[in-house]
Structures are given as C-alpha cells and as structure tokens.
Amino acid sequence: MTSKRLDSVSHPPGTNESEGFLATPLQFLKGVGPRRAADFERVGLITIEDLLYRFPLRYEDRSRLQPIGTLKPGRPASVSGRILSCGVRFTRRRGFQIFEAVIDDGSGPLRVVWLNQPYLSDVFMRGQRVVLYGSVEMYGSAVQLTNPQYEILDEEEGETVHTGRIVPVYEKTGAVTPRVQRNIVFDALERLPPSLPEPLPDDIPARLQLPSRYAALLATHFPPQGTSIDALNQFGTTAQRRLIFEEAFLFQTGIVARRRFAASEPKASPIRVDDRIRESARRVLPFRLTGGQKQALKDIVEDLQRPHPMNRLLQGDVGAGKTIVALVAALVAMENGQQVAFMAPTEILAEQHFLNISRLLQGSRFRVALLTGSTTSTARREQLAEIEAGTIHLVVGTHALVQGDVRFQALGLVVIDEQHRFGVLQRATLRAKGLHPDVLVMTATPIPRTLALTVYGDLDVSAIRDLPPGRFPVKTFVKPESRRDEVYAFVRGELEAGRQAYVIYPLVEESAKLDLKAATGMADHLAAEVFPAYHVGLLHGRLKPDGKDRVMKAFAAGELNLLVSTTVVEVGMDVPNASVMIVEHAERFGLSQLHQLRGRVGRDRHQSYCFLLYQSPLADEARERLRAMTETTDGFEIAEYDLRLRGPGDFFGTRQAGLPTFRMVDLVRDRELLEIARREAVRWFDRSPAASAQVGELLQSWENRFKLIEVG
Ligand code: ADP
Ligand code: MG
C-alpha cells in the first residue's frame, strides 16, 4: 500500500495489525471468490482499502420507502413490495418488447415496466420481494415505474443491510451487482478494527472538526439514521468530507514536498534589481502596464531575486499582454548577465515574438536571435557559437531550443509560451541537462482554481485578469446554419470596410479526411460564389510547414481578405485587422477552444464579431456551451464553466498528462477542501522537521500513488 510511507512520516513505522487489515486482498472477504476478485481488480479494487475508499454512486433512503399509494408522477421514488405477477408482453411494434411486473406493498398495486429487456424473465419470479428505484410516470390514470433499478431481496439474509435504512448504491463492476457489493462492504466494515491508524496529523481532525478515519468509513458506507439524504448524495456529510480531505491532504503534502524539493536546488546566481535596471525596463515599455500586468511582473521579479529557481505560471486571457511582462522579466535577467530562452509552440509564433521583441529591444545593447527549423545551417552554426559564447542574450525559438544541440553560456531564464500545447516535459529536460534556470510558463487557457491546485499545483500562479485599455469585448451571436446568408452579408460589410475575416472549420481526428474535404470545399465555394471580389486563403494541418507559413503571412500582410482554417489557427495568431470570425459546426467545439478561437479577433480598436453557426438539432449541452459564449468573454469564467460541463479529464481538449488519479476527490466539487488541504499541508511541513527531512522519499510513494508525472 503506497500510502504507508506517507503515514509513517507522522507515525513511527512498525507492523501494525489494524493497518495491515486495510491491505488485505479482497478475496479474504466473505462472498469474494476468484471471479469477483477478478471483476474488482479490473476496476482497480484489490485491497479492502480500495473497496472502502470508493464512494457509492448514490444513496437511497430505504428507511422511508414510499407507500405505493402515495406515489406522485414526476419525481424518482424508492418502493419495496412483493411481485404479484410478471412476464414479457409483446407489442404491435415489431421487435419491441416490454417486461412488465405488478408489485404490491400493502398500500396498493403498482405497474412496473422495463423496455426491451426480455431477459428479465430469467431474473424475476412471482412472490419475490424487490426494491425498486426509478422515475414515476403517469400511465393512463395510474402511476407506473419505468425502467427502474432493482434489487431482489433475499428472505434469509441481510434485511438490515439492504432495507430499513439509508443504503449505499455502488456502481456495478462486472458480475458484482450493487447489492453484492453492499454485502461485501458491510462484511468488511464489520471486521474493521476501531483502532485503525490515522494518516492525518494528530491535530487536524479535531481542529477541522472531522471524524476519525474509522467513524468516517462507517458513516460513509452505512450512514446513521437521520443523515440528510441530499447531503449524502452531494458528498457533503462530515464523514464523506473527512475521506475527501484525507486524500486531498495526502496529495497536497506531495505537492508541497515537490515544491520544497525544487526549492532546495540553488540556482546559479540570483538576480539583483536596482534603479539602473528599473530605468532600463522603463525605457523598453511602449505603454503603461495595466494593474494586472504590474502585479504579475512584481510576482515574477520577486521570484527572480530568490536563491531558488522560479516555477511560475502566468495566466492571462488572449490579448491580456503577457508577452511584455515576460520581456521585462527577460530584461531584468539580461541586465544581470544572464541569457534568456523564449519558447513558442510553433514557428510562426516564434517569429512573431522575435519581431516584437527585436523591435522593443532595438535601443538596448542586447542581441536577439531566432532559432527555428527553417534557420539555414550556416546561420544556425554561427548563432549556436554566439549563444555558447554569450554574445547573443535572448534566443527565441520552438521547444527544440532546450532539447537539441543548443548550449548556453549562462542560461538564467526560460519563458515557455502557450504551455498547454507544449507537452509537459521541458522542465524535466532542463533538469536532465543540469540546468536550473528560472522558468516562466505562460498560458492563455485560464485554469480553474481546482486544477491550479492540482495539475499545476507545484507552480506558483499569477493571473492577469484585466485587458489593456481600449479593447471592446467581441460581440458574439449564435445562429443556425440555415441563416448563413445573413452572416455572409454582414461579413461582406466588414470586408468592404477593409477588415479581414476568419472562417473556422472543426477537424475531428477520426474523420480528418472528410473534414479536410469540407474545409477545402468551403474555401472554394466562398471564393467562387460568396466573396468573388476578395482573396480567400485556406489553412489546415496537412499543409507543409512552409505552405502553412506562406498562407499565414499572406493573411497577416492583408493580401488575403478571408482565411478559411481548421483549428490550427487557434494558438497565438495575431492579425489585429481581423474583426470577424465565423465558426462552422460550433456545436462540436469545447468551450475553452471556442474561447481561444474567438480570441483571434477583437485585438485592435475595431469592434469585432463572432458568429457561431450550428447544425440543428442542437443537444442540450451544446446549447449551454454556445449560450455561455454569448454571455461572457471572461476566460476565467468560461474555464470554470467548461470544467463543470466536461469534467477535468476533457478540460484540456486532449488527455492531459499529469492529471492525478483521485479516489474520492472530485475536481469540480471539492474546491474548498482542496484549498484547506493545501493550507494544512504547508502548515504541517512548516512545523515538522521530520517531514522536511524525508521529502525525497515522500515524493516517490506519492508519485506512484497518484500516478503523476511532472507538468510544465
Ligand atoms: P497575450 O497575453 O495574448 O500574449 P500579447 O502580449 O500578445 O497578449 O498582447 C496583445 C497586444 O496588446 C499586443 O499588441 C501588445 O502590444 C498590446 N498590449 C499589451 N499590454 C498593453 C498595455 N498595457 N497597453 C496597451 N497595449 C498593450
Ligand atoms: Mg501570447
């Protein structure tokens, strides 16, 4: 059991019988043979601990089963009764079968139907006692239950386990039905030693008013009479919160350990800031920083002055002005004799940054280079020599910058732009090369608080929440495809006024070819029939890099008026003159992605517009998403919303490495407990010297337990 190591930090190690109990394989429990054990194992349940640290799906109050005579349509109900009759009923519709049962609980009979589940004739028999949970509907003038979940009660055993109380309902795992699992959990809890060791530091349960581990496990699986069923189903009882907190705390201990571990590596030379450097920074600034930019810069410069490497995430919506903040930080590093690597996810973005930065640093003594795949080999050789000699101070490039043959004379700061596109291994690469520079990661994908506390938990976070002055929020409209002519008419107006437009096409992996055809067809159609007076370009991921480059440059230069593109345009493309965007099949995009796309317009003083075209019929969730887009342009709000709609696994669009595997914590639900856990973990470290001494060991078991690899 991997958590043992964590436990042993606050409790002297030693074989402890009651601790050993939790590590017992499930096979030793009553009712678990090899087959069920295999079913459990398939979902990762191997020991008694695994079993008990898995919440039920939901709870049913069977202490107050509703008498059949009092059922009201429109809300779910639990009822219990004896089967009077049951059987398959054939209907006129071919292939459509209904399994029907009538049950009676003494207060009246109730019709129950299951649609297209004829195998139920092998499950139910007249005379059985059953518990049913499902939605009550009207059928003619009587109520009926449709497709309820069911359990057949054994006359002999377990009446106190399955009825007459609040019962847990577990997820079915293979052949292990919810009812079977309830028996097994009940058995495990009966044998659970009350002296179960406490993995939380001694003072925490009392101070946070949380029950002991033993009491929490009991009350989580078999809640005492009178517990609020709503609180249980929201996983908000003190018993449940205690178990969630326990996991959150162990997790945060690891995060804090990792941070302390990183902080124990001294960096080559901390940075000093004096008036001369302040003045030099002021000279490159082309405008006044916003409040958010100032605060972020202050955070960063404070980090730079510390003796240990910075690991900071700078969040800020598209257009919030992250680049200039990073550049001032770079300037401070360079004034201290250090070199800076500035990495972008694509060559185009690297070029943009290079042009920008070169312009801003024109009057300074610092030399900037661009190093990408298209740098010629002679130029590259010269640049590499200068970087190694230290006569080039700032290098802009793609992530190959820290991987390949590039050797710095004194690399002090690494800036990583648009991190979520980047993969996760740069910092590991740096460390492997024996480098401990300050690292600033920038992202325009605002990260919800719970994810900042977990996935990015070992980074410090600064957020720019305001926008530079004079920006108008993009006006956003949701329209069915059938009204595309109106939209085109509007776009024509913008093009006539000299603006440019994007038309975005989704590209879904599985059907990439089809979509590509659709995007190509759309570009041809727009060029030939809809906007014949204008130049239309096409951009997609299958173009060769230089082809892609040519199209983007032509659009940036205004030679193309309208750009049809797949989502490759999403990251970082900066064409301030573009004022309108049409997103085709907007219903297929995630919220954060739509937000990113929309960020390509509204980058100048023109009012900008975004049309989200959808294909009917629109699913409810898609409708919600599109509505959210019209209601706010605040990326942080959108991110929180997106997390709630899609869950953490899908939040980043692709599976994000580094998402911890939690058993009890829910990243949407448990924000508050995660915050408290972080605070308590820091506090515990600060007060226990033993913990600090064991940081390395702690980390290892921790990374195994939460199946983590490093992010950033
Ligand atoms: P992002 O955060 O998306 O990387 P950028 O750094 O590209 O944003 O900035 C977007 C635009 O806003 C750039 O053209 C930049 O010069 C401009 N900008 C940034 N900060 C300010 C400011 N404080 N006042 C005016 N314009 C600013
Ligand atoms: Mg940027």
Side-chain angles (χ1 to χ4, degrees), residues 1 3-4 6-11 16-24 45 47-63 160-161 165-170 181-182 184-253 662-666 669-684 687-688 705:
M1 193 182 54
S3 68
K4 238 190 207 160
L6 281 177
D7 302 350
S8 69
V9 173
S10 53
H11 300 272
N16 181 325
E17 207 177 296
S18 34
E19 175 69 31
F21 176 80
L22 283 179
T24 312
L45 306 185
T47 63
I48 292 183
E49 175 178 327
D50 298 333
L51 183 74
L52 296 184
Y53 277 83
R54 185 203 198 205
F55 277 135
L57 272 184
R58 59 182 174 79
Y59 298 80
E60 262 176 54
D61 190 350
R62 294 186 184 166
S63 65
T160 51
V161 179
R165 67 186 312 154
I166 297 174
V167 300
V169 181
Y170 301 95
Q181 188 168 339
R182 191 178 306 127
I184 296 170
V185 170
F186 193 85
D187 180 40
L189 289 173
E190 271 195 327
R191 305 210 260 141
L192 190 68
S195 60
L196 208 59
E198 177 59 77
L200 294 176
D202 302 337
D203 62 316
I204 287 187
R207 194 152 38 76
L208 298 183
Q209 297 181 320
L210 295 171
S212 75
R213 188 188 202 186
Y214 176 79
L217 285 170
L218 249 48
T220 288
H221 292 280
F222 289 90
Q225 194 69 39
T227 312
S228 151
I229 194 83
D230 288 337
L232 281 167
N233 280 319
Q234 289 157 20
F235 300 89
T237 66
T238 52
Q240 292 164 320
R241 283 167 55 85
R242 141 83 213 206
L243 296 183
I244 296 167
F245 177 84
E246 181 183 317
E247 184 177 40
F249 179 81
L250 293 182
F251 180 76
Q252 293 296 347
T253 345
F662 287 119
R663 303 191 291 198
M664 331 280 314
V665 169
D666 176 312
R669 183 190 64 208
D670 298 322
R671 174 175 162 160
E672 182 215 346
L673 284 173
L674 278 163
E675 301 262 12
I676 299 172
R678 164 62 67 90
R679 225 172 38 229
E680 290 294 335
V682 169
R683 189 181 158 132
W684 179 63
R687 289 181 327 177
S688 74
R705 172 168 179 157

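When reading the values below, keep in mind they use all heavy atoms of this one structure, side chains included, and skip hydrogens, waters and symmetry mates. For this chain, numbers begin at 1 and follow the sequence in order.
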**OP:** Please confirm whether the backbone N or O of Thr237 pairs with a side-chain atom of Gln240, one donor and one acceptor, at under 3.5 Å?
**Re:** yes
Original post:
Taking only residues two or more places apart in sequence, or in another chain, which ones meet Tyr53 in a side chain to side chain donor-acceptor pair (under 3.5 Å)?
Top reply: Arg213, Glu246
Subject >> Distance in Å, Thr24 OG1 paired with Leu22 CG, rounded so as to fall on 0.5 Å steps >> reply: 7.5 Å
Subject >> Side chain to side chain, Pro211 and Thr238, heavy atoms closer than 4.5 Å >> reply: yes
Original post:
Taking only residues two or more places apart in sequence or in another chain, which ones pass salt bridge (Lys or Arg N to Asp or Glu O under 4.0 Å) with Asp203?
Top reply: Arg207, Arg687
**OP:** Hey, can you tell me if Phe222 and Phe186 have their rings parallel, tilted or perpendicular (30° and 60° cut-offs)?
**Re:** perpendicular
Original post:
Do the charged groups of Glu60 and Arg58 touch, with an N to O distance under 4.0 Å?
Top reply: yes
Subject >> Leu51 and Ile184, any side-chain heavy atoms less than 4.5 Å apart >> reply: yes
**OP:** Kindly determine whether Arg62 and Ile166 satisfy side chain to side chain contact (heavy atoms under 4.5 Å, CB included), including the steps that lead there.
**Re:** CA-CA 5 Å; Arg62 294 186 184 166; Ile166 297 174; over 6 Å; no
Original post:
CZ/Phe21 to OG/Ser195 distance, rounded to the nearest 0.5 angstrom?
Top reply: 11.0 Å
Subject >> Shortest non-hydrogen separation from Leu52 to Ala188 and the atoms involved >> reply: CD2-CB, 4.3 Å
Original post:
So, for Thr227 and Pro223, which heavy atoms are closest and what is the spacing to 0.1 Å?
Top reply: OG1-CB, 3.8 Å
Original post:
Which heavy atom in Val161 sits nearest to a heavy atom in Val167, and how many Å separate them?
Top reply: O-CG1, 3.5 Å
Original post:
Which heavy-atom pair separates Tyr170 from Arg54 by the least distance, and what is that distance?
Top reply: CE2-O, 4.3 Å
Original post:
Roughly how far apart are Ile48 CD1 and Arg191 CZ, rounded to 0.5 Å?
Top reply: 6.0 Å
Original post:
Is Ile204 close to Phe245 at the side-chain level, that is, under 4.5 Å between some pair of heavy atoms?
Top reply: yes
**OP:** Before accepting this row, confirm whether a basic side-chain N of the pair Glu198/Arg242 lies closer than 4.0 Å to the acidic partner's carboxylate O.
**Re:** yes
Original post:
Do Leu189 and His221 have side-chain heavy atoms sitting under 4.5 Å apart?
Top reply: yes
**OP:** Can you sort out the partners of Gln209 under side chain to side chain donor-acceptor pair (under 3.5 Å), two or more places apart, ordered by chain and number?
**Re:** none
**OP:** Measure the CG-CD1 distance between Leu674 and Ile244 for me, rounded to the nearest 0.5 Å.
**Re:** 9.5 Å
**OP:** Would you sort out whether Thr220 and Leu232 count as a side chain to side chain contact (heavy atoms under 4.5 Å, CB included), showing the intermediate values?
**Re:** CA-CA 8 Å; Thr220 288; Leu232 281 167; over 6 Å; no
**OP:** With rounding to the nearest 0.5 Å, note down the distance linking CE in Met664 to CZ in Arg241.
**Re:** 13.5 Å
Original post:
Tell me, do Phe235 and Leu243 make a side-chain contact under 4.5 Å, heavy atoms counted?
Top reply: no
Original post:
Is a side-chain donor or acceptor of Asp666 paired with a backbone partner of Arg669 at a separation under 3.5 angstrom?
Top reply: yes
Original post:
Is there side-chain contact between Arg663 and Asp50, with heavy atoms separated by less than 4.5 Å?
Top reply: yes
Original post:
Heavy atoms, side chains only, cut-off 4.5 Å: are Pro193 and Tyr214 in contact?
Top reply: no
Subject >> Residue pair Asp61 / Ser63, side-chain donor-acceptor N/O under 3.5 Å >> reply: yes
Original post:
Between CG of Leu250 and CZ of Phe662, what distance do you get to the nearest 0.5 Å?
Top reply: 10.5 Å
